[in-house]
Number of protein chains: 2
Amino acid sequence: MSDAADVLIEHCREAGQRITGPRRIIADVVAKADDHPDVTEIYRRVAAIDPGISLSTVYRTLKVFAATGLVERHSFAGGRVRIEPASDVHHDHLIDTESGAVIEFRSEEIERLQALVARELGFELTGHRLVLYGRPLAKVERRDLKR
Amino acid sequence: MSDAADVLIEHCREAGQRITGPRRIIADVVAKADDHPDVTEIYRRVAAIDPGISLSTVYRTLKVFAATGLVERHSFAGGRVRIEPASDVHHDHLIDTESGAVIEFRSEEIERLQALVARELGFELTGHRLVLYGRPLAKVERRDLKR
DNA sequence: ATGCATTTGCGAATGATTCCCATTAAAGGA
DNA sequence: TCCTTTAATGGGAATCATTCGCAAATGCAT
C-alpha cells in the first residue's frame, strides 16, 4: 500500500466516504498508475489483487474518486475513458500519434491565454482540455529546434 | 439544396465516392448545421426530409465525409460524437457550462504556442484539440474586462 | 439500357458504462 | 466488543452510441 494511496484514502474519508476493502485496493492501483490506464485496465490490475472485486465497483469507485477530485477522467481518442491520479500541478497531454504514448506537459503561457480568451468571449474559465497530437521528430529534424 | 451542400457533394465525387440520394440529403443537412449536432440529431433532420434513410447510413456517410475531410467529428463531453461541417479556418471551442452552448473561437497565439510546445518536446504538431469550459460572466462582472 | 461494384436498410452485435437490488460490510454508539 | 443504521458491493440486466453482416437496391461507366 503506497503513500499516495493513503493520501487518496484519507481524502476519501474526509469527503465522508466509507473506506472499504475494494476502495483501498482501487486507490492503490490508481495511485501507482503512471500510464493513464482505461477502466478495464484498472479492473484487470485490481482483479489481480482481489479477483472478487466487480467491474461495477471499479466504475463506481472511480466516479467517487473523480467527484472528490482525486482522479481525473480523460477521454482522449474516441471511446473509453482513461484515468490518472490527480496531481496538484495541472498539466495537459501530448499524444505520440505513432506509438500512442501519452506525454504530460505544462505551459504557463497557454494557460494564461486560455483564461484571457475565455474572458474576451464573456466567460469565466472553469476548466479546459487540451490535447496535442504529434509525430516524433527524427534526430536530424531536431537540429533547428528554435528558442 | 444549399451551395455548401453542393460543395460537399462535389468533393465527395472527386474523392471517388458515389453520389446517392441519401448522401445528397445528409450533405444538405450537415452543410446547414451551425450548431454542432450529434449524429442522432442529424438523423432526425435527415428523416424529416426522407424518412426512409436509416441511422446506419447516416453514421456511414458521416464517416465517409469525415474521412474525406468534409466534416469534423468532435467528442466534447462524454459520450456522443458531435458533427460540424469542416471550414477552411481552424477554430477551437468553448462550452458554456450553464447552457451547454458551443462557442467557436480562434487564437493565433495559442495555435503558435502549441506548435512551439510540441517542438520543445520533440514532436511535430499534427493536430490538437482544445476545449475551454466556462461560466458566463454576469454583466456587472464584465466591467473590468481587460485588454 | 446492362453489368457490377457500392450503398443502403434493417436488425443483430458490440463495447463501454450505468442501473437495479438483494446481500454484505463500514462506522458510530451502547 | 456487539448492535444498528446506512452506504457499498456483486453480478447480471439494461442502456446508449456505434458498428457489422448481408440481402436487396441503386449509381455509374459502358
Side-chain angles (χ1 to χ4, degrees), chain A residues 8-30 36-68 70-83, chain B residues 8-30 36-68 70-83:
Chain A
L8 281 195
I9 289 299
E10 194 44 45
H11 278 264
C12 198
R13 188 194 311 281
E14 281 167 17
Q17 302 293 330
R18 289 187 181 175
I19 306 311
T20 68
R23 286 184 177 177
R24 281 179 204 284
I25 293 177
I26 294 168
D28 196 39
V29 167
V30 167
H36 308 79
D38 61 25
V39 179
T40 307
E41 176 57 28
I42 290 181
Y43 172 61
R44 275 196 214 96
R45 298 178 192 179
V46 165
I49 300 173
D50 179 347
I53 294 173
S54 77
L55 181 57
S56 301
T57 297
V58 173
Y59 270 105
R60 268 183 307 230
T61 302
L62 289 176
K63 196 184 288 185
V64 168
F65 285 179
T68 323
L70 303 178
V71 308
E72 281 177 38
R73 312 207 294 173
H74 301 287
S75 51
F76 295 134
R80 77 211 70 175
V81 164
R82 298 180 62 175
I83 301 295
Chain B
L8 281 195
I9 290 299
E10 194 44 45
H11 278 265
C12 198
R13 189 195 310 282
E14 281 167 18
Q17 303 293 328
R18 286 190 181 172
I19 307 310
T20 68
R23 284 182 181 179
R24 281 180 204 283
I25 294 176
I26 294 168
D28 196 39
V29 167
V30 168
H36 307 79
D38 60 27
V39 178
T40 307
E41 176 57 28
I42 290 181
Y43 171 62
R44 275 195 214 97
R45 298 179 192 177
V46 164
I49 299 172
D50 179 347
I53 295 173
S54 77
L55 180 58
S56 300
T57 296
V58 174
Y59 269 105
R60 272 183 303 230
T61 302
L62 289 175
K63 197 184 288 186
V64 169
F65 285 179
T68 322
L70 302 178
V71 308
E72 282 178 36
R73 311 208 294 173
H74 301 288
S75 50
F76 297 134
R80 76 211 71 175
V81 164
R82 299 181 63 173
I83 302 295

Asker: Quickly work out the B/I83 CD1 to D/dA17 C1' distance and round it to whole Å.
Answerer: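 In whole Å, D/dA17 C1' and B/I83 CD1 are 12 Å from each other.
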
Asker: Using only modelled atom types and a 3.5 angstrom limit, is any donor from either the side chain of A/R23 or the base of D/dA8 paired with an acceptor on the other?
Answerer: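 No.
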
Asker: Just the rounded figure in Å: distance from P of C/dT8 to CD1 of B/I25.
Answerer: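 After rounding, the gap between these two atoms is 11 Å.
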
Asker: Among C/dT8, C/dA25, D/dT18, which nucleotide sits nearest the side chain of A/R18?
Answerer: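 Of the candidates, C/dA25 comes closest.
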
Asker: Are the side chains of B/H36 and B/I83 in touch, meaning some heavy atoms are under 4.5 Å apart?
Answerer: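 B/H36 vs B/I83: side chains apart.
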
Asker: State, yes or no, whether a side-chain contact exists between B/R60 and B/K63 at a heavy-atom distance under 4.5 Å.
Answerer: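 Answer no - side chains too far apart.
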
Asker: For DNA chain C, whose closest nucleotide is more 5', that of B/S56 or that of B/G21?
Answerer: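 Here B/G21 is the residue nearer the 5' end.
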
Asker: Please list residues of residues 39-55 of chain B whose heavy atoms come under 4.0 Å from any atom in DNA chain C, ordered by number; otherwise none.
Answerer: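 Going residue by residue through residues 39-55 of chain B, the ones with a heavy atom under 4.0 Å of DNA chain C turn out to be B/G52, B/I53, B/S54.
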
Asker: D/dT18 phosphate, OP1 or OP2: any side-chain N/O from B/Y59 under 4.0 angstrom?
Answerer: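 Yes, within the criterion.
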
Asker: Nearest 0.5 Å, what's the CG-CZ distance between B/D38 and B/R44?
Answerer: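 Here the rounded value is 7.0 Å.
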
Asker: Separation of A/E14 atom CD from C/dA27 atom P, in whole Å?
Answerer: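 One finds 14 Å between P of C/dA27 and CD of A/E14, rounded.
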
Asker: Calculate, to the nearest 0.5 Å, the distance between atoms CD1 and CG belonging to B/I42 and B/L55 respectively.
Answerer: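 The CD1 atom of B/I42 sits 10.5 Å away from the CG atom of B/L55.
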
Asker: Between atom CZ of A/R23 and atom CZ of A/F65, what is the distance when rounded to the nearest 0.5 Å?
Answerer: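 The distance works out to 7.0 Å.
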
Asker: Any side-chain heavy atom of B/Q17 sitting closer than 4.5 Å to one from B/V64?
Answerer: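 B/Q17 reaches B/V64 side chain to side chain.
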
Asker: Would you kindly give the CZ-to-P distance between B/R60 and C/dG9, to the nearest whole Å?
Answerer: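 Rounded to the whole Å, the gap is 8 Å.
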
Asker: Would you compute the distance between atom CD of B/E10 and atom CG of B/L70 and round it to the nearest 0.5 angstrom?
Answerer: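 Atom-to-atom, B/E10:CD and B/L70:CG are 11.0 Å apart.
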
Asker: Looking at A/T57, does any N or O in its side chain come under 4.0 Å of the phosphate oxygens OP1/OP2 on D/dA8?
Answerer: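 For D/dA8, neither OP1 nor OP2 has a side-chain N or O of A/T57 closer than 4.0 Å.
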
Asker: I need the A/D50 CG to A/I25 CD1 distance, nearest 0.5 Å.
Answerer: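 The distance works out to 4.5 Å.
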
Asker: What is the distance, rounded to the nearest whole Å, between atom CZ of B/R80 and atom P of D/dC16?
Answerer: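 Answer to the nearest Å: 9 Å.
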
Asker: Would you say a side-chain N or O of B/Q17 is under 4.0 Å from OP1 or OP2 of C/dT7?
Answerer: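 Yes, B/Q17 has a side-chain N/O under 4.0 Å of OP1/OP2 on C/dT7.
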
Asker: Reckon B/K63 has a side-chain N or O less than 4.0 Å from the OP1 or OP2 of D/dT19?
Answerer: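 B/K63 to D/dT19 OP1/OP2: side-chain N or O found under 4.0 Å.
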
Asker: Under 4.5 Å between any side-chain heavy atoms of A/R24 and A/I19, yes or no?
Answerer: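 Result yes, sub-4.5 Å side-chain heavy-atom pair found.
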
Asker: Using whole Å, what does the distance between atom C1' of nucleotide D/dA29 and atom CD1 of B/I19 come to?
Answerer: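 Result: 15 Å.
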
Asker: Let me spell it out: for each of B/R13 and B/R82, pick the nucleotide of DNA chain D with the closest heavy atom. Which residue's pick is nearer the 5' end?
Answerer: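 Its nearest nucleotide being more 5', the pick is B/R82.
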
Asker: Please give the angle, rounded to 10 degrees, between the axes at the start and the end of the helix from C/dA1-D/dT30 to C/dA30-D/dT1, where five pairs define each axis.
Answerer: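 Here the local axes at opposite ends form an angle of 30°.
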
Asker: When the distance from CZ of B/R24 to P of D/dT26 is rounded to whole Å, what number comes out?
Answerer: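 The answer, rounded to whole Å, is 15 Å.
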
Asker: Can you measure from CD1 (A/I26) to OG1 (A/T20) and round to the nearest 0.5 angstrom?
Answerer: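 One gets 7.0 Å once the value is rounded to the nearest 0.5 Å.
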
